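The structure appears right after this line, and notes come after that.
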Amino acid sequence: MEQTVYGDLLFLVNFCMDFQCVFLVSKLLRRPFPLRRALIASVLGAFYACAALFLPFGGGVAFFLDLFVCALMCGIVFLPQEEKKWRFLIPFALYFGVSAAIGGLMSAVATLFSRLGVQGSGDTGHSSFSFFLLALLAGLCTFLWGRLCQRRASGKGVKLRLCFSGRELAVDAFVDTANQLCDPVSGHPVVILDLRAARELLPEVLIKASEQGVAGVTGLPQDLLRRVRMIPAETVTGRGVLLAIRPDAAYLDTGHGAHAVELLFALCALASVPNGYKALLPPALLTE
C-alpha cells in the first residue's frame with residue numbers, strides 16, 4: 001500500500017505545532033519566550049518530522065531518538081535561562097504533556113471540520129482550507145494568551161539579580177506596562193534601575209557617564225564602552241537618548257525559581273515607585 005506525503009505540508013504542520021508547544025510551555029512556567037530560539041527549535045523539530053519518514057529503524061530506537069530531538073529542542077529554548085541546569089528537566093517533561101494535549105485538540109477540531117463538510121478529496125485528506133482554519137485558530141489563541149499574560153504581569157513584583165564585573169545586586173522590581181524600552185539593535189528589553197541602588201553594582205565612572213548622557217560616553221575606557229548602548233526614548237517632556245548597560249548576567253524570579261534573562265538596564269532616580277521597588281521591568285521580560 002502506497003501513501004502520498006506532501007513534505008512541505010508536513011513541515012509546515014509540525015513547525016506550527018512545535019512552535020505552539022514551546023510557547024505554551026514558556027507561558028505555563030512563566031518564563032520569557034525567546035522568539036529566535038523558539039523559531040530555531042521549531043525548524044529543527046519540523047525537519048526531524050520529515051526526516052523520520054526515511055529512518056530505517058523503528059520501535060525503541062526511534063522512540064529514544066524522538067526523546068533526544070525533543071530534549072535538544074527544549075535545550076535550545078530553555079537551557080540558557082536556567083541558573084540550575086537540572087531545572088531544564090521541568091520544561092522538557094511539560095513539553096510532552098502539552099504536545100499530547102494539543103495533538104488531541106487539533107485532531108478533535110479536524111474531525112469536527114470533517115463532519116461539517118470542510119474537507120477535501122483525494123490523497124490529501126483534509127483540504128488546505130481546513131488546515132488554514134486550524135492554523136488561524138491556533139494563532140488567535142496564541143495572540144490572546146500573550147495579551148492575557150501581559151495584563152496579568154502588569155503591576156506584579158518580582159526579584160531581579162544583576163551581575164557586573166564580579167559584583168551582584170539583588171532588587172525588588174515592579175512590572176510596569178508603561179516601560180516599553182528596548183534596544184533597537186538586539187531587541188533586548190531595557191530595565192530602569194534606581195540610580196542609588198546601581199552604585200552598589202557599577203563603578204563610579206559608569207554612574208557619572210549615565211548622569212551626563214551621550215556626552216559622558218566619550219570619556220569611558222574601552223572595556224566599559226563595549227558594554228554601553230544608546231537607547232532612543234520618548235517621554236512627556238520630549239524625545240531623547242538613554243544610556244543603557246549590558247550586564248554579565250541577569251536572573252529573574254517570579255516566584256517559581258530564578259532563571260536567566262537577556263536585558264539591558266538604564267539608570268534613573270526612582271523616587272515615586274511604591275513599596276520600595278528599585279527597578280521597573282518591561283512586561284516583555286515576562287511575556288516575550
Side-chain angles (χ1 to χ4, degrees), residues 3-82 85-111 113 123-128 130-146 149 187 259-262 284 287-288:
Q3 183 178 6
T4 302
V5 177
Y6 293 88
D8 54 349
L9 188 58
L10 178 64
F11 179 89
L12 184 58
V13 170
N14 279 276
F15 173 83
C16 292
M17 294 303 100
D18 290 338
F19 189 84
Q20 293 287 325
C21 290
V22 170
F23 176 83
L24 290 175
V25 169
S26 69
K27 296 303 112 180
L28 289 171
L29 294 177
R30 298 183 181 180
R31 307 281 178 87
F33 181 63
L35 179 59
R36 282 185 285 269
R37 292 201 295 267
L39 288 173
I40 293 172
S42 300
V43 168
L44 173 64
F47 267 123
Y48 172 72
C50 296
L53 297 175
F54 304 98
L55 293 178
F57 47 79
V61 177
F63 174 72
F64 282 109
L65 185 58
D66 291 347
L67 287 179
F68 173 77
V69 173
C70 289
L72 186 58
M73 291 170 58
C74 291
I76 291 173
V77 178
F78 298 107
L79 192 59
Q81 302 179 20
E82 299 295 350
K85 298 307 179 185
W86 65 266
R87 289 176 58 87
F88 156 72
L89 296 175
I90 298 175
F92 175 54
L94 185 58
Y95 181 87
F96 283 95
V98 170
S99 298
I102 288 185
L105 176 62
M106 299 302 283
S107 297
V109 175
T111 301
F113 283 165
D123 295 330
T124 57
H126 297 286
S127 66
S128 298
S130 64
F131 167 73
F132 283 117
L133 283 178
L134 290 173
L136 180 62
L137 177 63
L140 180 61
C141 291
T142 299
F143 173 77
L144 293 176
W145 187 301
C149 289
H259 57 271
V261 290
E262 295 179 337
T287 63
E288 66 176 355

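What you are looking at is a predicted structure, and each value in this text was computed from that prediction instead of being measured. Starting from 1, each residue takes its place in the sequence as its number. Heavy-atom basis, side chains included; hydrogens, waters and symmetry copies ignored.
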When rounded to the nearest 0.5 angstrom, what is the spacing between CD1 in I90 and SG in C74?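 It comes to 12.0 Å.
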Spatial distance of atom CD1 (I40) from atom CG (L72) [nearest 0.5 Å]: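 The CD1 atom of I40 sits 11.0 Å away from the CG atom of L72.
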Quick one: do V43 and F19 satisfy side chain to side chain contact (heavy atoms under 4.5 Å, CB included)? Show the steps, please. CA-CA 9 Å; V43 168; F19 189 84; over 6 Å; no
Which atom of V77 lies closest to which atom of A38, heavy atoms considered: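 It is CG2-CA, 3.9 Å.
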Side-chain donor-acceptor pairs of residues 9-18 under 3.5 Å, sequence neighbours excluded:
unit_1	atom_1	unit_2	atom_2	d
N14	ND2	L10	O	2.8
D18	OD1	Y95	OH	3.1

Cationic N near anionic O, under 4.0 Å, R37 to E262: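 Yes.
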Can you list every side chain to side chain donor-acceptor pair (under 3.5 Å) pair that touches residues 41-57, not counting sequence neighbours?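 Matches after skipping sequence neighbours: Y48-D66.
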